[in-house]
Amino acid sequence: LDPPSLAAFHERVRILLDEHDSWANPAVVARHGTVMIASVPFGAPLPPTADLPIIRDAFTTLQPAISDSYVSSTRRIPSVAVAVPVLREGHARYLLVVALRPEYLSDALMKVVPEEGVAGVFDRKLRFVARARDPLAWIGRPPGEKLMRAMQGGREGVIRSTTREGEPTFTSWTYLSNGWSVGVATPSAPLDAALTSYLATLSGLWLAMLGVGLMLARVLWARLGRNL
């Protein structure tokens, strides 16, 4: 990534971009600003460097960092980026910053979530970065108000809530080590129906036992009455 080899690196990244469906727009960022963007012809004017906290964090900590949801300056759509330091003699000379395609995380989520369920991944500001149902309509937006309040109040839990589609659910969530969080919603109707059936069975048994108890009480009272 030295200046004389940046043009060759740019061309290689453009080739790799076609081979990695998760990448959206790799860039090389120096402390003074962006020096290369894969989607921009090499040597052409570049847009201003996005003011992302992960750029400062990666330069400071020398560790990879992942962003919250932001609007890309080149594609104008919600994005998530990963910044990886390029080290020279213990110092971060550049960052390789790769934006992930908005649908990539959602596609991965859909593969592990049952069709009847809903799941989402949220950034540190509790905005969707992935959703297992109708993702592009919700990426960059917050969850429902009830779930938002619950997630703001605890690092994990389970509540009754309603999905963005209006479906009643039991929703559980937990926070990840990087500050993101995951929520999983399961339709509450089957559980409510099972509970109703269970309560109906218990009620029937209770009424039957009550009837038997009343009969025994009458028999006992009749016997006592004859002895008095």
*Please lay out, stage by stage, how W180 and R124 fare under the test side-chain contact (heavy atoms from CB on, under 4.5 Å).*
CA-CA 5 Å; W180 284 15; R124 301 170 189 88; 3.7 Å; yes
Enter the distance from [X]:[atom1] to [Y]:[atom2] here, rounded to the nearest 0.5 Å.
{"X": "M36", "Y": "L46", "atom1": "CE", "atom2": "CG", "value": "9.5 Å"}
{"X": "T174", "Y": "R155", "atom1": "OG1", "atom2": "CZ", "value": "7.0 Å"}
{"X": "S172", "Y": "E156", "atom1": "OG", "atom2": "CD", "value": "9.5 Å"}
{"X": "R101", "Y": "S79", "atom1": "CZ", "atom2": "OG", "value": "10.5 Å"}
{"X": "T186", "Y": "E167", "atom1": "OG1", "atom2": "CD", "value": "9.5 Å"}
{"X": "I54", "Y": "T60", "atom1": "CD1", "atom2": "OG1", "value": "12.5 Å"}

Are [X] and [Y] joined in one hydrophobic group, where the rule is that I, L, V, M, F, W and Y side chains link up if heavy atoms are under 4.5 Å apart?
{"X": "L100", "Y": "I139", "result": "no"}
{"X": "V80", "Y": "M110", "result": "no"}
{"X": "M148", "Y": "F122", "result": "yes"}
{"X": "L176", "Y": "I66", "result": "yes"}
{"X": "F59", "Y": "Y70", "result": "yes"}

Between T162 and K146, is any pair of side-chain heavy atoms under 4.5 Å apart? no
In terms of heavy-atom contacts, does [atom1] of [X] have more than 12 from other residues, nucleotides or ligands at under 6.0 Å?
{"X": "Q152", "atom1": "CD", "result": "yes"}
{"X": "Y104", "atom1": "OH", "result": "no"}
{"X": "R56", "atom1": "CZ", "result": "yes"}

Q) Going by atom types only, do T163 and E165 share a side-chain donor-acceptor pair under 3.5 Å? A) yes
Non-hydrogen atoms of [X] and [Y] that approach each other most closely:
{"X": "G166", "Y": "P168", "answer": "O-CD, 3.6 Å"}
{"X": "R131", "Y": "R133", "answer": "NH1-O, 2.6 Å"}
{"X": "H32", "Y": "V35", "answer": "CE1-CG1, 3.7 Å"}
{"X": "L95", "Y": "A83", "answer": "CD1-CB, 4.4 Å"}
{"X": "H10", "Y": "I37", "answer": "NE2-O, 3.2 Å"}

For V113 and V184, what are the C-alpha separation, side-chain angles and deciding distance, and is it a side-chain contact (heavy atoms from CB on, under 4.5 Å)? CA-CA 9 Å; V113 176; V184 179; 5.7 Å; no
Taking S69 for the side chain and P78 for the main chain, is one N or O donor matched with an acceptor at less than 3.5 Å? no
Discussion item. Could you check whether any side-chain N or O of T171 sits under 3.5 Å from a backbone N or O of I159, counting only pairs where one atom can act as donor and the other as acceptor?
Written reply: no
Across all chains, not counting sequence neighbours, the side-chain contact (heavy atoms from CB on, under 4.5 Å) partners of A137 are D134
List the steps, then state whether side-chain contact (heavy atoms from CB on, under 4.5 Å) holds for M151 with Y175. CA-CA 9 Å; M151 294 180 73; Y175 278 78; 3.9 Å; yes
Query raised in the report: Taking it one step at a time, do V121 and L105 satisfy side-chain contact (heavy atoms from CB on, under 4.5 Å)?
Result: CA-CA 9 Å; V121 179; L105 293 175; 5.7 Å; no
